[in-house]
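Here is the naming used below: chain letters follow the sequence lines, and residue numbers restart at 1 for every chain.
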Amino acid sequence: MTDILVELNSAQREAVEAISGPVLILAGPGSGKTRVITHRVAYLIKVCGISPRHIMAVTFTNKAAREMKERLYRLVGGQVKDLTLGTFHAICARILRMDGKGIGVDPRFVIYDEEDQESLLKRSIGEVGLDPKQYAPRAIASAIRAAKVRTLTPKDYVERSRSYFEEVVSRVYERYQQLLTESNALDFDDLLMKAVQLFRNSPETLSRYQTRYQHIQVDEFQDTNLVQYELIRQLGGKYGNICVVGDPDQSIYSWRFADLRNILSFEKDYPKAKLILLEQNYRSTKKILETAFHVISASPERKPKGLWTKNESGELATVVETYTEQEEAQFVVNEIERLVNQGKVSLGGCAVMYRTNAQSRALEEAFVRYGTPYKLVAGTRFYQRREIKDIIAYLKLIHNPYDTVSLLRIINVPQRGIGQQTLARLSGWAKSMGISQYEALRLISEPKDDKQSFSPHIARALVGFLNLMEEFIARSRELNLVDLLDLVTERSGYREYILGQPDGEERWENILELRTVAQQYRDLKPAEGLSAFLEGVTLVSDVDGLDETVDAVTLITLHQAKGLEFPVVFIVGMEDGILPHIKSFDDPEQLEEERRLCYVGITRAKQRVYLVHAFRRSLMGSSTVNKPSRYLSDIPQHLISSGGWWQGEERQIATAIYSWDKPSASVPITQGFKAGDHVRHDQFGDGVVVSCQPGKDDSEVVVVFKGVGVKKLSLSFAHLEKVE
DNA sequence: CGAAAGGCTCTTTTT
DNA sequence: GAGCCTTTCG
């Protein structure tokens with residue numbers, strides 16, 4: 001019993017023991033908030049005797065949920081399986097599949113990701129008679145999302161619209177929602193909104209859930225939005241045992257409508273809430289914390305908060321400027337190799353963080369070139385690859401033939417002679433009959449029907465596709481997921497099709513990778529396996545795939561890095577225009593969010609931080625010159641060790657070549673060399689040192705020899721003489 | 001209908 | 001620099 005409390009400090013212990021009533025925990029980075037939630041749940045189960053069935057814990061990512069589950073397993077054993085533990089979206093999806101019928105949600109619904117959403121939105125814009133090019137789908141999508149976060153139905157929205165734009169949005173929103181319903185699909189925001197609507201419409205259902213969830217904990221509370229807040233308020237309505245944990249300084253998702261005011265609302269809605277501050281940091285050195293503190297406290301809006309550590313003082317943050325993003329990447333790789341060779345850190349202990357995904361390319365290239373192992377947290381994210389989405393579309397359609405987005409995606413992939421014209425006619429015809437497109441296909445296949453006007457060979461193509469899908473649907477009732485997937489890729493002709501494409505081999509490998517994922521669902525009953533798999537692949541987050549056991553450098557966006565920690569952290573692209581991103585320049589609130597993002601990055605580090613910026617960087621094809629990030633100037637000089645101006649290998653070589661012709665008295669040398677030193681080698685003759693890297697028990701020297709070229713030599717064998 | 005070629009616009013961050 | 005869309009031609 002006591003072992004649950006024994007490893008906690010007094011504030012943490014207080015947070016764990018405050019099990020009745022609302023609790024607000026404000027927890028700085030590295031202060032053990034995940035630990036607090038985990039131990040709190042364990043305490044509820046083991047000490048208070050609460051059944052895990054009555055406990056809910058909401059995390060930000062599936063990975064966080066999985067880790068919490070593992071930790072809890074160690075504390076309470078097999079009982080973890082009865083907990084409700086997951087992201088808001090996953091939990092809501094489950095609620096809606098169980099109980100959504102009351103508000104017209106069919107339990108077989110599919111979930112539309114952003115891409116599906118965009119495609120449906122474009123259609124909606126067209127169908128209400130507007131030009132998708134004139135009304136940016138993104139802007140409308142964002143407005144609709146904002147509406148859903150406030151649980152406004154299209155009807156509510158119409159009543160509130162005050163401007164022409166809102167008028168447009170309300171029309172599109174209405175049609176979009178209709179199309180979703182017809183497709184038996186929900187988008188990400190629907191999952192949350194519909195759950196809240198369900199509870200509003202059905203007090204009995206709500207009461208059932210309220211009775212079940214006697215204890216609710218929410219992690220990363222600073223990044224919840226209004227609809228998530230409402231959901232928690234509803235669920236906790238009976239017992240009020242709600243524990244939320246967050247850090248306003250780490251709020252970085254306002255663009256997803258996360259709202260810091262939730263923290264204020266919490267204090268207002270639950271005036272008796274117990275406030276607990278976790279201020280002791282166990283992660284970082286004093287200097288890192290101090291550096292981070294200077295960055296965050298330059299914010300005008302912020303409430304001051306304490307954060308301290310007993311850890312050692314540590315080393316200064318290193319600020320380095322390079323010429324281009326390629327040299328930035330080279331610097332990072334070189335520095336990591338150096339630290340690793342010196343035994344200061346393992347590859348897995350290093351992370352490179354950046355503001356935008358596009359920045360990963362230069363880094364990846366450098367890592368590949370130097371042969372340094374790395375793991376990229378989902379570049380062009382796996383599940384968004386075309387071939388993966390295609391296969392998933394087949395499976396979605398098998399699961400739910402009303403899914404028009406998936407139908408349109410694959411009806412002609414591989415080509416079956418079904419073109420735009422045909423599709424337009426099909427969808428018009430289906431609409432006029434008030435049936436789904438899939439049902440329309442079924443009608444065409446019935447020989448007696450001749451009202452449709454498709455020419456025989458086109459009708460044959462359509463029916464061919466229908467028969468294919470019908471076969472899949474029939475077989476899906478008996479085949480396990482892997483066999484079904486194999487059947488689909490074979491019989492649809494997709495395998496042959498993709499192998500004939502450029503990069504076909506690689507794309508096919510990706511599908512095999514998807515097959516590996518499917519294997520986890522192999523042993524479930526056919527219908528269950530398919531539905532669980534589809535939900536799993538739609539609700540994955542990028543960090544979910546991060547494998548901690550692989551010893552390789554992590555390449556990750558600053559957003560994804562939230563909640564993680566590494567001994568050594570490089571933040572690259574420390575430039576105005578990148579961090580803060582140029583899009584935030586005209587909005588002070590967004591600039592503050594960028595600052596917090598920088599803060600999040602620095603506080604991921606346990607031992608060392610590097611802040612790297614490039615003088616010149618190519619962005620969207622063309623080259624730009626950026627000033628060093630304004631956040632760098634918020635760090636006082638005494639906390640910075642300047643790595644100065646760093647030149648990449650090629651430019652070092654160029655510099656070396658320009659400085660030939662020096663006098664030639666030779667001096668033997670036993671220690672290392674530095675770049676620019678003139679040397680003589682028995683075999684290669686005179687040269688100039690480009691770099692000299694200390695290794696485990698030897699050093700590697702790179703030298704350009706006159707008339708010979710560049711050679712990599714090991715210091716102890718090369719017999720280099722220094723030439724003064 | 002479909003393949004190929006050329007022109008356009010963007011990229012913030014993600015469940 | 002890539003992916004999307006349109007246009008053009010077979």
* Asked: What about the rings of A:Tyr176 and A:Tyr173, do their centers lie closer together than 6.0 Å?
  ->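 No, too far apart.
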Evaluation steps, salt bridge (charged side-chain N to carboxylate O under 4.0 Å, His left out), between A:Asp390 and A:Arg507: CA-CA 11 Å; A:Asp390 286 345; A:Arg507 291 177 182 278; over 6 Å; no
query: Closer than 4.0 Å, any side-chain N/O of A:Thr538 to the OP1 or OP2 of B:dT15?
result: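 Answer is no, no contact under 4.0 Å.
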Quick check on B:dT13: is either OP1 or OP2 less than 4.0 Å from any side-chain nitrogen or oxygen of A:Asn357?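 For B:dT13, OP1 or OP2 has a side-chain N or O of A:Asn357 closer than 4.0 Å.
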Which of these nucleotides, [options], is closest to any side-chain atom of [X]?
X        : options                : answer
A:Phe188 : B:dT15, B:dT11, B:dT14 : B:dT15
A:Thr61  : B:dT13, B:dT15, B:dT11 : B:dT15
A:Asn412 : B:dG2, B:dT11, B:dT14  : B:dG2
A:Ile458 : B:dT14, B:dA3, B:dC1   : B:dC1

Between A:Thr557 and A:Gln415, which has a closest nucleotide on DNA chain B that is more 5'?
->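 Its nearest nucleotide lies further toward 5', so the answer is A:Gln415.
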Starting at the 5' end of DNA chain B and moving along, which residue's nearest nucleotide shows up first, A:Gly417 or A:His89?
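So the residue in question is A:Gly417.
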| field | Verdict with supporting geometry, A:Gln217 and A:Val245, side-chain contact (heavy atoms from CB on, under 4.5 Å) | value | CA-CA 8 Å; A:Gln217 10 279 313; A:Val245 189; 5.9 Å; no
Calculate the interatomic distance between [X] atom [atom1] and [N] atom [atom2]; express it in whole Å.
X        : N      : atom1 : atom2 : answer
A:Leu423 : B:dC1  : CG    : P     : 8 Å
A:Ile252 : B:dT13 : CD1   : P     : 13 Å
A:Asp113 : B:dT15 : CG    : P     : 12 Å
A:Gln420 : B:dC1  : CD    : C1'   : 11 Å
A:His457 : B:dC1  : NE2   : P     : 7 Å
A:Arg460 : B:dC1  : CZ    : P     : 15 Å

Is A:Lys562 salt-bridged to A:Asp223, cutoff N-O under 4.0 Å?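 Yes, this pair counts.
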For a 4.0 angstrom threshold against heavy atoms of chain A, report the outermost contacting nucleotides of DNA chain C in 5' to 3' order.
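First-to-last contact on DNA chain C, by the 4.0 Å heavy-atom rule, is C:dG1 to C:dT6.
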_Runs of at least three Watson-Crick or G-U pairs with DNA chain B, cut-off 3.5 Å_ =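 DNA chain B forms these stems: B:1-10 with C:1-10.
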Indicate the ring-plane relationship of [X] and [Y], choosing parallel, tilted or perpendicular according to the 30° and 60° boundaries.
X        : Y        : answer
A:Phe367 : A:Tyr374 : tilted
A:Phe465 : A:Tyr394 : tilted
A:Trp255 : A:Tyr253 : tilted

Q.
Applying the salt bridge (charged side-chain N to carboxylate O under 4.0 Å, His left out) criterion to A:Arg617, which one of A:Glu325, A:Glu575, A:Glu327 satisfies it?
A.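 The single option meeting the salt bridge (charged side-chain N to carboxylate O under 4.0 Å, His left out) with A:Arg617 is A:Glu575.
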